[in-house]
Amino acid sequence: MEVKIRIAKKDDAEYLQEIYSYYVANTAVSFEYEVPSVQEFERRICTTLENYPYLVAEVDGKIAGYAYASRFGARAAFDWSIETSIYIGLNYHRLGLGKLLYEELERILASQNITNLYARIADPAEDNDEHLSRDSQHFHEAQGYKLVGKMNRCGYKFDRWYNLIYMEKTITEHKQTQAPFIPFKQLQYIPKS
């Protein structure tokens, strides 16, 4: 199995939409009700890449998953904090792709002077929910994220309520004088060899 992690391109939108569509239509992992169009995915990729990394994992030349960072808060004081998101294709679970995507994402984010990573994760309000497990929470725990908060029954999908948990990871030192945030488009990105 040959695995490659690379920067997403606008042309990847159709494949990323295909991966994401399962999560929208069948799970509460995403709180979206409708699958975004390919054009919307193109827009999201391009917009994200202005400031943050958007990565794709390929297995034997086929797109198998993706991860990206997005702004955590609108105010300037949040510049050193971001939110992470990750989606893996159904046929590619438990192959270590998530770990590889997050390792590369963190390497890039550290070079942008990002300090704090946050993940918002849907959490079943009831046990034995057929639309949602706690796999994402366990994955993030394995990557070093810690649970820092919970919002109870704040998302409604499939005629039931879902919680939302917040997980946090620190990847660089909190300094008295913090180096400025560097937008992704200004980085000289060098893929990990």
Side-chain angles (χ1 to χ4, degrees), residues 8 13-38 40-41 43-45 47-48 52-57 59 63-75 78 81-106 109 114-171:
E14 184 177 347
Y15 303 102
L16 304 187
Q17 184 220 36
E18 183 180 324
I19 290 169
Y20 186 61
S21 66
Y22 172 82
Y23 293 97
V24 173
N26 301 289
T27 79
V29 167
S30 169
F31 280 0
E32 289 197 80
Y33 279 24
E34 302 294 327
V35 177
S37 67
V38 171
E40 174 60 15
F41 256 87
R43 186 196 67 74
R44 289 179 185 186
I45 292 167
T47 301
T48 298
Y52 304 105
Y54 201 128
L55 302 177
V56 165
V59 173
I63 292 177
Y66 64 98
Y68 61 92
S70 55
R71 189 164 180 85
F72 177 70
R75 305 289 188 257
F78 288 119
S81 299
I82 59 90
E83 183 176 340
T84 57
S85 297
I86 187 165
Y87 294 93
I88 304 295
L90 282 182
N91 297 327
Y92 298 97
H93 285 204
R94 310 221 188 288
L95 298 177
L97 298 179
K99 181 176 191 230
L100 292 173
L101 281 164
Y102 263 21
E103 284 174 349
E104 183 64 0
L105 195 67
E106 288 177 22
L109 292 167
I114 295 296
T115 300
N116 307 308
L117 310 183
Y118 294 94
R120 285 189 303 171
I121 300 169
D123 177 62
E126 309 293 337
D127 290 332
N128 302 320
D129 188 305
E130 73 258 29
H131 299 290
L132 188 64
S133 70
R134 289 192 170 87
D135 287 353
S136 185
Q137 178 180 353
H138 299 314
F139 166 77
H140 283 83
E141 286 169 349
Q143 307 317 307
Y145 285 71
K146 304 287 185 218
L147 182 65
V148 292
K150 180 177 180 179
M151 299 171 66
N152 292 302
R153 299 178 187 266
C154 61
Y156 184 77
K157 190 172 180 179
F158 303 121
D159 298 323
R160 67 191 70 187
W161 288 99
Y162 290 94
N163 304 327
L164 191 65
I165 60 172
Y166 278 86
M167 298 189 78
E168 175 185 60
K169 181 176 182 178
T170 301
I171 59 168

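Computed from a predicted structure; not experimentally measured.
Judged by distance alone, the side chain of Gln17 and the main-chain N or O of Pro36 form a donor-acceptor pair under 3.5 Å. Between the side chain of Tyr156 and the main chain of Phe31, no donor-acceptor pair closer than 3.5 Å is present. The closest donor-acceptor contact from the side chain of His140 to the backbone of Lys146 lies at 3.5 Å or more, if one exists at all. Between the side chain of Ser21 and the backbone N or O of Glu18 there is at least one donor-acceptor pair closer than 3.5 Å. Distance alone, capped at 3.5 Å, is enough to place a donor-acceptor pair between the Lys157 side chain and the Glu32 backbone.
Looking at every heavy atom in both residues, Ile19 comes nearest to Ala64 through CD1-C, 3.8 Å. Nearest heavy-atom pair, Leu101 versus Gly65, reported as atom, atom and distance to 0.1 Å: CD1-C, 4.1 Å. When every heavy atom of Tyr20 is checked against every heavy atom of Ser30, the shortest pair comes out as OH-OG, 2.7 Å. Looking at every heavy atom in both residues, Ile86 comes nearest to Gly98 through CD1-CA, 3.5 Å.
Atom CD of Glu130 sits in a crowded spot, with more than 12 heavy atoms from other residues, nucleotides or ligands closer than 6.0 Å. For Tyr15, the OH atom counts as loosely surrounded, since its 6.0 Å shell holds 12 or fewer non-hydrogen atoms of other residues, nucleotides or ligands. Within a 6.0 Å sphere centred on CZ of Arg120, heavy atoms belonging to other residues, nucleotides or ligands number 12 at most.
With contacts defined as side-chain heavy-atom distances shorter than 4.5 Å, the pair Tyr102/Tyr145 qualifies. Contact check for Leu16 versus Tyr87: no side-chain heavy atoms found under the 4.5 Å cut-off. When side chains are defined from C-beta on, Leu132 does not count as touching Thr27, because their heavy atoms never get closer than 4.5 Å. Within the 4.5 Å cutoff, the side chain of Asn163 has heavy atoms near those of the Arg153 side chain.
With respect to the salt-bridge test (charged N to carboxylate O, under 4.0 angstrom), the residues Glu141 and Arg134 do not qualify.
Checked against salt bridge (Lys or Arg N to Asp or Glu O under 4.0 Å), Arg94 has the following partners two or more places apart in sequence or in another chain: Asp135.
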